[in-house]
Amino acid sequence: MEREPNQRIRAGDRDAFAELFDGHARGVHAYAVRLTGDWALAEDIMSLTRQTVPGPPPATAAAVAFLERAALAASAEPPEPARADQYVYVRVVGHTTVLSENADGGMDRTLQREDGESWTPVDGSRPTFRREDGAGEPVEEGGGERDPADPGGPGAGSFASPTYAFAASLPSDPDALLTMLLADAVRHHGPGSGSTTGPAQQAFVAVGDLLRGAFTPPATTAALFRAAARIPGVVVLPSAVDAAGRGGVAVARVHDGERSEWIFDAATARYLGERTVLTEAGPWGGSGTVVTSVAVVGHGIVDEAGRLPRPVAGR
């Protein structure tokens, strides 16, 4: 009996990948032209997409399977309605590593806490508020900024500065979403940009930024996981611990001596947080050093900055 296309793809059947790409190529190209308004850039995106999708699976079979499980878990979550005049509340705990020169001319490494709460306007039209110590009044951070090349009005959001409204506007089709992620990555991190990140890694980072900070709607979250499964080099690790001490599994990608990890609850496949681990020794530490780690411990939609959702749900 002939296997389904998805089964053939997971088995690494090159012809199955080619058939999938060719069946959607015209629509993906048209979408890229509409998105960028630049025929030549759309061609570049198509070329990059063709390198990404056909051939060997873009992620290990274990990573693809886990991300699909995470997508199904996200899809099962009831959507939380959000009005334009409301705020997205996110509470995180964690740390980052800071390098500073000492009196002897060497470099000292210190851990800097990254605990805090944020209230980001759903539509990005008003200032974001933050509170770092868990007490007192939130402090205004400033109005939203936007890339002139991105659609929408002032503060509408982008992959670099996401809002809930921006996340909700993203396509639910993972192939279209990956095209959009790659288009943004090529624009800001492609040839001539001076960036060493590269489009594939930047697409992975952009997904992580949305998961961590924008409290994405369930349908968007599911699409993000499925798009990530199409990024080359993505793997799954059986054990990882987030900044809140919660154990789980990690979906990860290595780039330039660092491993970017998204940590999930092993039982529920719910996103918990992210961390960056060194895979090579350097100024930031030895191989295996966790240089940054952030865990999402609360989120929700609230009416005003300073308010907390009831109850505060942890991912």
Shortest non-hydrogen pair, Thr163 vs Gly124, comes out as CG2-CA, 3.8 Å

dist Ser125:OG -> Asp85:CG (nearest 0.5 Å) comes out at 9.0 Å

Taken in chain and number order and not counting sequence neighbours, the residues that satisfy side chain to side chain donor-acceptor pair (under 3.5 Å) with Thr268 are Asp265

Consider only side-chain heavy atoms of I, L, V, M, F, W and Y, link residues closer than 4.5 Å, and tell whether Ile301 and Phe166 are in one cluster. yes

Checking side-chain hydrogen bond (donor to acceptor under 3.5 Å, both in side chains) for the pair Tyr89/Glu117: CA distance, chi angles, key distance, verdict?
CA-CA 7 Å; Tyr89 168 82; Glu117 300 164 282; 2.7 Å; yes

* To do: For the pair Thr220 (side chain) and Ala167 (backbone), establish whether a donor and an acceptor sit closer than 3.5 Å, ignoring hydrogens and angles.
  => yes

Residues Val93 and Arg113: closest non-hydrogen pair is CB-NH2, 4.3 Å

Taking every heavy atom of Pro162 against every heavy atom of Asp209, the minimum-distance pair comes out as CG-O, 4.5 Å

Check your understanding: Looking only at atom types and distance, does a side-chain atom of Thr279 sit under 3.5 Å from a main-chain N or O of Gly257, one as donor and one as acceptor?
Key -> yes

Stepwise side-chain hydrogen bond (donor to acceptor under 3.5 Å, both in side chains) check, Ser260 with Gln201:
CA-CA 9 Å; Ser260 301; Gln201 177 65 11; 3.3 Å; yes

- Message: As a quick check of understanding, evaluate side-chain contact (heavy atoms from CB on, under 4.5 Å) for Leu72 and Glu68, giving each step before the final call.
- Response: CA-CA 6 Å; Leu72 292 173; Glu68 178 60 23; 3.7 Å; yes

Q | Donor-acceptor side-chain pairing of Thr292 and Thr96 below 3.5 angstrom | A | no

So CD of Gln202 and NE2 of His255: to nearest 0.5 Å the spacing works out to 9.5 Å

In short, Pro121 meets Pro127 closest at the heavy-atom pair CD-O, 3.5 Å

- Message: side-chain contact (heavy atoms from CB on, under 4.5 Å) for Arg212 and Val296? Distances and angles first, verdict last.
- Response: CA-CA 7 Å; Arg212 184 187 69 253; Val296 178; 4.2 Å; yes

Does the side chain of Ile231 come within less than 4.5 Å of Arg253's, by heavy atoms? yes

What one should report as the nearest heavy-atom pair of Ala185 and Ala203 is CB-N, 4.4 Å

dist Leu178:CG -> Met180:CE (nearest 0.5 Å) comes out at 12.0 Å

- Yes or no on side-chain contact (heavy atoms from CB on, under 4.5 Å) for Asp108 and Ser100, after CA distance, side-chain angles and deciding distance? CA-CA 5 Å; Asp108 290 333; Ser100 59; 4.1 Å; yes

TODO: Determine whether Leu67 and Val234 make a side-chain contact, defined as any pair of heavy atoms from C-beta on separated by less than 4.5 Å.
DONE: yes

- prompt: Given Asp303 and Arg83, is the salt bridge (charged side-chain N to carboxylate O under 4.0 Å, His left out) satisfied, shown in steps?
  reply: CA-CA 9 Å; Asp303 290 335; Arg83 301 189 312 270; 3.5 Å; yes

inquiry  = Determine whether Val92 and Asp115 satisfy the following criterion, side-chain contact (heavy atoms from CB on, under 4.5 Å), listing intermediate values before the conclusion.
reply    = CA-CA 6 Å; Val92 300; Asp115 304 352; over 6 Å; no

**Item:** Pro218 side chain near Pro79 side chain, heavy-atom distance below 4.5 Å
**Value:** yes

Q: Mark yes or no for whether Ser158, through its side chain, and Ala160, through its backbone, hold a donor-acceptor pair below 3.5 Å.
A: yes

### Message
Check whether Phe264 forms a cation-pi arrangement with Arg246 (NZ or CZ under 6.0 Å from the six-membered ring centre, at most 45° off the ring normal).
### Response
no

dist Asp184:CG -> Thr179:OG1 (nearest 0.5 Å) comes out at 12.5 Å

*So if you build clusters from Ile, Leu, Val, Met, Phe, Trp, Tyr with side-chain heavy-atom gaps below 4.5 Å, do Leu308 and Phe129 land together?*
yes

Exercise for the section: Look at the side chain of Trp119 and the backbone N and O of Arg130, then say whether any donor-acceptor pair between them is shorter than 3.5 Å. Expected result: no

Can you confirm whether Thr97 sits close enough to Thr110 that some side-chain heavy atom of one is under 4.5 Å from a side-chain heavy atom of the other? no

Do Phe159 and Val205 belong to the same hydrophobic cluster, where Ile, Leu, Val, Met, Phe, Trp and Tyr are linked whenever their side-chain heavy atoms lie under 4.5 Å apart, directly or via other members? no

>> Contact between Glu77 and Arg270 at the side-chain level, heavy atoms closer than 4.5 Å - yes or no?
In response: yes

I'd like to know if the side chain of Ser161 reaches the main chain of Gly157, judged simply by a donor and an acceptor atom lying under 3.5 Å from each other, with no hydrogens or angles considered.
no

Exercise for review: Measure the shortest side-chain to side-chain distance between Arg109 and Leu99 over non-hydrogen atoms and say whether it is less than 4.5 angstrom.
Suggested key: yes

Exercise for the section: Considering only NZ, NE, NH1 and NH2 on the basic side and carboxylate oxygens on the acidic side, decide whether Glu261 and Arg259 come within less than 4.0 Å. Expected result: yes

One should read off an interatomic distance between Leu210 CG and Leu181 CG, to the nearest 0.5 angstrom, of 7.5 Å

#### Entry: Same apolar cluster (I L V M F W Y, side chains within < 4.5 Å links), Val277/Leu272
no

task = Answer with yes or no whether the hydrophobic clustering places Trp262 together with Val290; edges join I, L, V, M, F, W, Y residues whose side-chain heavy atoms lie under 4.5 Å apart.
result = no

Ser75 and Ala222 have their tightest heavy-atom pair at OG-CB, 3.3 Å

Value for CG (Asp123) from OH (Tyr87), rounded to nearest 0.5 Å, stands at 9.0 Å

*asked:* Would the distance check show the side chain of Asp242 and the main-chain N or O of Val294 forming a donor-acceptor pair, the cut-off being under 3.5 Å?
replied: no

*When the aromatic ring centroids of Phe225 and Tyr271 are compared, is their separation below 6.0 Å?*
no

With heavy-atom distances below 4.5 Å as the criterion, would you say the side chains of Leu237 and Val249 are in contact? no

Checklist line | Heavy-atom side-chain contact between Thr120 and Tyr164 under 4.5 Å | finding: no

Practice prompt. Walk me through it: do Glu137 and Arg131 pass the test salt bridge (charged side-chain N to carboxylate O under 4.0 Å, His left out)?
Written response: CA-CA 7 Å; Glu137 293 298 317; Arg131 180 167 60 194; over 6 Å; no

- Check for a donor-acceptor pair, side chain of Arg69 on one end and backbone N or O of Ala65 on the other, with a separation under 3.5 Å. no

